[in-house]
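One structure is given below, encoded as structure tokens.
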Amino acid sequence: MFRSIIKEDGFGALYRSFPITLFMNIPFLSIVVCINENLKTYIQPHEKSNPYFWYFACAGIAGGFAGVVTNPLDVVKTRL
């Protein structure tokens, strides 16, 4: 499979969507970190009776929000 891609389109075809991937992942990770840390500061899971649930909930909310924001970039990357 890789050989046919390289033969037909050249070695650069393997990295065609790399800039879009970076363009998508950098905002995604930035949003996840910012929201997760702010939620942990606001909720203070270390003071709760079941802290692991709250850490998991903060991470899930942050990841879900970041996924919604960066989904259009993911569609562009997939189409390339």
Side-chain angles (χ1 to χ4, degrees):
M1 180 173 143
F2 290 117
R3 291 182 186 187
S4 65
I5 293 173
I6 292 171
K7 189 181 288 185
E8 291 175 17
D9 297 326
F11 188 73
L14 298 175
Y15 296 98
R16 183 174 294 145
S17 66
F18 185 67
I20 295 293
T21 301
L22 286 180
F23 189 65
M24 183 191 70
N25 285 342
I26 291 172
F28 177 84
L29 294 173
S30 300
I31 292 169
V32 167
V33 169
C34 289
I35 292 177
N36 190 24
E37 292 301 319
N38 283 320
L39 279 174
K40 287 191 299 186
T41 300
Y42 179 72
I43 294 175
Q44 297 179 348
H46 57 277
E47 295 178 359
K48 305 280 186 193
S49 62
N50 189 1
Y52 296 114
F53 169 78
W54 291 104
Y55 283 119
F56 184 75
C58 291
I61 292 168
F65 184 77
V68 167
V69 171
T70 60
N71 186 43
L73 296 173
D74 188 36
V75 171
V76 170
K77 178 188 69 109
T78 303
R79 298 258 177 173
L80 285 177

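A distance of 12.5 Å separates CD1 of Ile26 from OG1 of Thr70, quoted to the nearest 0.5 Å.
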Report all side-chain donor-acceptor pairs from residues 39-67 shorter than 3.5 Å, counting only partners two or more places apart or in another chain.
{"from": "Lys40", "atom 1": "NZ", "to": "Glu37", "atom 2": "OE2", "distance (Å)": "3.1"}
{"from": "Thr41", "atom 1": "OG1", "to": "Glu37", "atom 2": "O", "distance (Å)": "2.9"}

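Remark: Phe11 engages Tyr15 in a ring-ring contact (aromatic ring centres under 6.0 Å, His included) (not counting sequence neighbours). Looking at residues two or more places apart in sequence or on another chain, you find a salt bridge (Lys or Arg N to Asp or Glu O under 4.0 Å) between Asp74 and Lys77. Residues satisfying the side chain to side chain contact (heavy atoms under 4.5 Å, CB included) test with Leu29, not counting sequence neighbours, are none.
For residues 52-67, no pair satisfies salt bridge (Lys or Arg N to Asp or Glu O under 4.0 Å), with sequence neighbours left out.
Alongside Phe23, the hydrophobic cluster contains Met24, Leu73 (criterion: ILVMFWY side chains under 4.5 Å).
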